[in-house]
Amino acid sequence: MKQLVIFDLDGTLLNTIADLGAATNYALRQSGYPEHSISSYPMFVGNGVTRLIERAMPEDMRTHENIMAVREKFCEYYDEHLADETTPYPGIPELLHDLKDMGVKLAVASNKYQHAVETLINRYFPEIPWSAVEGQKEGVPVKPDPSIVFEILGKAPTRKSKVLYVGDSGVDMETARRACVDSCGVTWGFRPVKELKEAHADNLADTPEQIITIVRRPGLELDV
């Protein structure tokens with residue numbers, strides 16, 4: 001049985017796409033750039049706010065200075081409106097409580113900036129005793145670099161064979177691979193199942209309940 005489950009946030013625990021899209025469109029509009037339909041944003045997200053802004057901007061305007069200026073407007077808006085439309089995916093609160101009751105340690109690893117991650121987790125899952133809640137921080141590489149997983153393991157020491165990383169994108173599956181932990185791709189998130197399969201997800205879950213089965217599955221007792 002797994003002893004630590006690390007969750008991605010956006011597209012895995014929370015459906016945040018409407019608020020991410022609204023904040024990006026606000027920042028684009030304030031900067032004089034064209035906006036996008038909310039349906040475009042699932043393919044823009046996944047690599048942190050800076051990459052989200054870069055992808056949403058006109059290609060010929062993507063200088064570092066322009067991106068940072070739009071990012072500042074995004075953060076100002078998003079900090080005030082990050083929960084306007086955001087909701088947990090169906091079954092997620094129950095899943096977290098079930099894992100907690102099973103004695104499984106829980107953590108979050110997100111490419112969203114740290115303040116926003118902490119705000120959302122405290123708002124939607126305040127009763128969960130998280131072992132670690134990690135977002136994007138200055139000087140720390142974003143996923144798929146595995147540094148965020150190693151940071152979590154420093155706070156919640158667990159053999160890697162007893163860790164499951166759960167996310168909705170190829171970035172998440174690659175993060176797990178680089179960290180040498182098992183991965184689980186969820187099919188209810190922002191990215192298509194094809195992407196998860198091409199990224200060699202170790203497991204796929206169509207419902208939160210299936211994650212319980214994966215966590216309970218016996219595995220090799222590797223001393224790593």
Side-chain angles (χ1 to χ4, degrees), residues 1-17 20 40-52 54-55 89 91-92 95-96 99 102 104-112 117 131-136 140-154 156-224:
M1 189 174 108
K2 300 299 185 186
Q3 297 174 352
L4 169 65
V5 180
I6 302 172
F7 288 96
D8 172 52
L9 182 61
D10 300 77
T12 301
L13 296 178
L14 296 174
N15 186 349
T16 57
I17 204 67
L20 288 169
S40 300
Y41 280 97
M43 297 308 295
F44 289 170
V45 300
N47 296 89
V49 171
T50 302
R51 286 287 283 139
L52 164 60
E54 181 181 352
R55 288 167 175 156
Y89 285 101
I92 287 296
L95 167 66
L96 297 177
L99 290 172
M102 290 163 58
V104 176
K105 294 178 285 189
L106 303 173
V108 171
S110 175
N111 275 343
K112 189 192 295 288
V117 173
S131 296
V133 174
E134 304 298 328
Q136 183 269 323
V140 179
V142 297
K143 301 181 294 184
D145 186 284
S147 296
I148 194 168
V149 174
F150 300 149
E151 192 168 349
I152 290 169
L153 291 176
T158 307
R159 285 188 297 168
K160 288 185 179 181
S161 62
K162 294 293 187 178
V163 177
L164 182 68
Y165 184 103
V166 180
D168 72 307
S169 71
V171 168
D172 292 310
M173 302 305 100
E174 178 68 9
T175 302
R177 187 190 68 79
R178 293 190 188 186
C180 299
V181 300
D182 284 346
S183 63
C184 175
V186 302
T187 63
W188 57 79
F190 300 157
R191 298 303 181 97
V193 176
K194 180 175 182 286
E195 178 176 312
L196 297 171
K197 291 180 177 179
E198 288 177 349
H200 308 292
D202 296 312
N203 304 274
L204 292 174
D206 296 320
T207 66
E209 292 81 2
Q210 290 177 0
I211 295 174
I212 296 288
T213 301
I214 294 166
V215 168
R216 285 181 167 150
R217 188 179 299 154
L220 294 175
E221 296 298 320
L222 301 176
D223 190 19
V224 295

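Scope of the values below: all heavy atoms of this structure, side chains included, with no hydrogens, waters or symmetry mates.
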Worksheet item: To the nearest 0.5 Å, what is the distance between CE (M1) and CG (L164)?
Response: 11.5 Å
Fill in: Approximate separation, where rounding is to 0.5 Å, of L95 CG and F7 CZ
4.5 Å
Worksheet, complete the sentence: Hits for side chain to side chain contact (heavy atoms under 4.5 Å, CB included) against K143, two or more places apart or cross-chain, chain-then-number order -> D8, N111, I148, Y165, V171, D172, T175
Discussion item. Would the distance check show the side chain of K112 and the main-chain N or O of G135 forming a donor-acceptor pair, the cut-off being under 3.5 Å?
Written reply: no
Item to complete: May I have all residue pairs that pass salt bridge (Lys or Arg N to Asp or Glu O under 4.0 Å) and include part of residues 195-206, sequence neighbours excluded?
Response: R191-E195, K194-E198
Worksheet item: Are any of the side-chain heavy atoms of D168 and W188 separated by less than 4.5 Å?
Response: no
Practice prompt. Could you check if a side-chain atom of I211 sits within less than 4.5 angstrom of a side-chain atom of V166, using non-hydrogen atoms only?
Written response: yes
Practice prompt. Any chance you could measure E54, atom CD, to N47, atom CG, to the nearest 0.5 Å?
Written response: 10.0 Å
Practice prompt. Determine whether L13 and L96 make a side-chain contact, defined as any pair of heavy atoms from C-beta on separated by less than 4.5 Å.
Written response: yes
Worksheet, complete the sentence: Tightest non-hydrogen contact, residues K162 and T158, listed as CB-CG2, 3.8 Å
Worksheet entry | Exam field: side chain N203 to backbone G185, donor-acceptor pair closer than 3.5 Å | no
Item to complete: With sequence neighbours excluded, tell me which residues meet side-chain hydrogen bond (donor to acceptor under 3.5 Å, both in side chains) with E174.
Response: R177, R178
Practice prompt. Apply ring pair (Phe, Tyr, Trp, His ring centres under 6.0 Å) to F44 and list each qualifying residue two or more places apart in sequence or on a separate chain.
Written response: H36, Y41
Discussion item. So, taking the atom named OH in Y89 and the one named OG1 in T207, what distance separates them when rounded to the nearest 0.5 Å?
Written reply: 14.5 Å
Item to complete: For F190 and L14, work out which heavy atoms get closest and say how close.
Response: CZ-O, 4.4 Å
Item to complete: Go through the structure and list residues passing salt bridge (charged side-chain N to carboxylate O under 4.0 Å, His left out) with E151, not counting sequence neighbours.
Response: K137
Fill in: side-chain hydrogen bond (donor to acceptor under 3.5 Å, both in side chains) partners for S147, two or more places apart
D145
Practice prompt. Mind checking the NZ-CD1 spacing from K105 to I6? Nearest 0.5 Å is all I need.
Written response: 10.0 Å
Worksheet entry | Distance (rounded to the nearest 0.5 Å) between N15 CG and I92 CD1 | 11.0 Å
Worksheet item: Taking the side chain as C-beta and beyond, is there a heavy-atom pair between D182 and K2 under 4.5 Å?
Response: yes
